[in-house]
Amino acid sequence: MDINTLCVHSGNKDHSNGAVSMPIYQSATFSHLGVGKSTGYDYSRLANPTRTELETIITKLEYGYDAMAFSTGMAAIVAVMDMFSPGDHIIASDDLYGGSYRFFNNISNKNGLRFDFVDTSNVDNVKKHISKDTKAIFVETPSNPMMHVSDIGLLSELGKENNILVIVDNTFLTPYFMNPIHLGANIVIHSGTKYLGGHNDTLAGFIIVDSEELSEKLRFIYKTVGACLSPFDSWLLIRGIKTLAIRMEKQQANAKVIAEWLTKHPKIKNVNYIGLETHPGFDISKKQGRGFGAMISFETDLEETAVKLLENVQIILYAESLGGVETLITYPMLQTHADVPQEEREKLGINEKFLRLSVGIEDYEDLIYDLETALK
Ligand SMILES: *Cc1c(COP(=O)(O)O)cnc(C)c1O
């Protein structure tokens with residue numbers, strides 16, 4: 001089935017009374033038919049029918065073996081890290097969502113995990129950091145917010161040779177544009193808060209795994225730790241995913257026009273959009289995905305220009321987060337990446353002139369007019 005159809009029709013379709021929309025099973029617990037007899041549902045922390053429907057959809061969209069829906073993207077990342085033990089070593093992208101960085105550096109490391117943050121777009125760099133304790137490579141591609149592109153196929157070969165798990169945070173491209181498991185990755189993570197939900201109204205997270213073994217390990221953590229997605233939020237995600245395909249197409253088309261416009265603006269420098277042919281990750285992105293998404297980052301000429309832009313946009317909203325139908329502009333230094341140490345941040349280029357734009361589904365001419373006016 002084509003992905004456009006999968007977004008709408010990949011659920012189980014066993015809805016009672018012919019309901020077209022999956023019912024919300026707002027039940028914490030489920031009664032038993034007899035001793036040792038279960039409907040398949042016992043207690044909603046373990047499984048809930050509305051959530052199972054969503055997990056079935058996500059499993060199919062990412063070509064996985066199993067998927068688990070979490071209350072947030074961070075909860076999904078925490079559960080993955082709970083698989084590891086003190087002394088284990090993990091190689092992670094040096095340009096990461098700020099929350100992941102904060103978790104690895106303040107909590108995972110306190111629990112004995114060791115991290116090396118490297119530029120994963122350079123496979124030799126990754127190779128150099130592998131030791132006998134290395135258990136995983138954690139990659140964001142394109143990375144947040146610098147849009148560095150890593151070659152998932154090459155990293156997965158490296159992972160297989162060395163018995164290391166490859167974990168990909170696929171939040172930015174979504175299964176609509178890229179399937180890391182197809183490329184050889186073992187675990188895919190999503191912040192469902194972003195494109196999958198798509199409406200800036202719900203928090204959610206996902207783990208998708210490629211094997212029964214990983215499913216068993218993570219299902220055990222899932223039911224034990226308990227950061228599961230509620231039935232109502234599961235329903236909102238099911239509803240959001242139905243329009244994922246058309247939203248992604250529209251957002252990408254808008255982003256391409258806006259990125260090109262930004263490259264020509266005299267007050268804008270260094271536009272990072274992986275769909276621009278001049279982007280160093282363009283060819284790899286083309287090879288490993290079906291599209292480039294709708295995330296753009298760029299630098300303004302002066303700090304004053306950045307602040308003016310944030311304060312003067314009218315349609316575009318100055319807010320954290322991304323992926324929804326509304327176009328959002330973010331100040332990574334003060335928002336998403338505030339907890340990354342200044343030295344690390346500046347090495348990457350996240351400074352007082354650096355902004356990130358998540359392009360929505362509005363009319364692109366209105367968005368450009370808004371940017372142009374705010375930049376005057
Ligand atoms: C937002 C985000 C997360 C965290 O997800 P939450 O739903 O906010 O907990 C993780 N990774 C990336 C790339 C993100 O953009």
Side-chain angles (χ1 to χ4, degrees), residues 54 58 62 67-82 90 92-108 117 120-121 138-150 152 167-178 180 185 187-208 225-230 233-234 236-237 240-241 248 251 255 272 274 289 292-297 319-324 326 328-332 335-340 348 350 355-360:
L54 170 62
I58 293 286
E62 281 289 17
M68 284 146 261
F70 289 81
S71 53
T72 65
M74 283 317 301
I77 292 169
V78 169
V80 169
M81 290 301 143
D82 279 341
I90 291 162
S93 302
D94 57 359
D95 182 37
L96 274 184
Y97 173 67
S100 305
Y101 190 88
R102 179 173 61 218
F103 176 65
F104 295 164
N105 260 345
N106 292 282
I107 297 179
S108 300
F117 295 94
T120 50
S121 66
F138 186 100
V139 193
E140 242 180 65
T141 182
S143 63
N144 183 358
M146 301 311 297
M147 314 292 161
H148 297 156
V149 175
S150 298
I152 297 173
I167 305 165
V168 178
D169 183 332
N170 196 26
T171 299
F172 273 26
L173 286 180
T174 82
Y176 184 71
F177 285 134
M178 185 171 76
I187 299 177
V188 177
I189 291 170
H190 283 283
S191 168
T193 312
K194 315 295 168 56
Y195 291 101
L196 294 171
H199 295 75
N200 289 321
D201 55 10
T202 319
L203 301 175
F206 296 98
I207 294 176
I208 305 96
V225 174
C228 57
L229 193 64
S230 76
D233 289 352
S234 298
L236 279 172
L237 263 287
I241 290 167
M248 293 311 290
Q251 286 175 260
N272 307 304
I274 63 167
F292 307 103
M295 294 301 298
I296 303 170
S297 60
E320 209 155 328
S321 202
L322 61 107
E326 296 92 357
L328 304 183
I329 192 161
T330 304
Y331 206 9
Q335 294 179 302
T336 51
H337 290 71
D339 286 333
V340 176
L348 287 164
I350 308 172
L355 298 171
R356 193 187 75 185
L357 193 66
S358 167
V359 181

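Remember, it's 1-based here, ligands and their atoms both numbered in the order they're listed. No hydrogens, no waters, no symmetry mates; every other heavy atom, side chains included, goes into these values. In this text, all values refer to a predicted model and were calculated from it rather than measured experimentally.
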Check this for me - ligand 1, [X], N or O atoms closer than 3.5 angstrom, yes or no?
X	value
Leu203	no
Glu140	no
Ser100	no
Phe172	no

message: I need the atoms of ligand 1 closer than 4.0 Å to a non-hydrogen atom of Leu322, numbered in the order shown.
response: 15 (O)
- request: Mark up the atoms of ligand 1 that fall under 4.0 Å of a heavy atom belonging to Gly73, in ascending order.
  value: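 Result: 5 (O), 6 (P), 7 (O), 9 (O).
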Contact check, side chains of Phe138 and Phe104, non-hydrogen atoms, under 4.5 Å: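 Yes, side chains in contact.
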- request: Nearest heavy atom to atom 5 (O) of ligand 1 wins, so pick from Ser191, Ala76, Gly98, Ala75.
  value: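 When every heavy atom of Ser191, Ala76, Gly98, Ala75 is considered, Ser191 comes closest to atom 5 (O) of ligand 1.
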task: Only heavy atoms count here, so choose which of Met74, His190, Met295, Lys194 is nearest to atom 15 (O) of ligand 1.
output: Lys194
message: Does the plane of the ring in Tyr101 sit parallel, tilted or perpendicular to the ring in Phe117? Use 30° and 60° as the thresholds.
response: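 Because their plane-to-plane angle lies in the 30° to 60° range, the rings of Tyr101 and Phe117 count as tilted.
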Looking only at protein heavy atoms, identify the closest one to [atom] and say how far it is in Å.
atom	answer
atom 7 (O) of ligand 1	Thr193 OG1, 2.6 Å
atom 4 (C) of ligand 1	Tyr97 CE2, 3.4 Å
atom 11 (N) of ligand 1	Asp169 OD2, 2.7 Å

query: For ligand 1, is Ile189 a contact, meaning one of its heavy atoms is under 4.0 Å away?
result: no
task: Look at ligand 1 and say whether Ala204 reaches it with a heavy atom at a distance under 4.0 Å.
output: yes
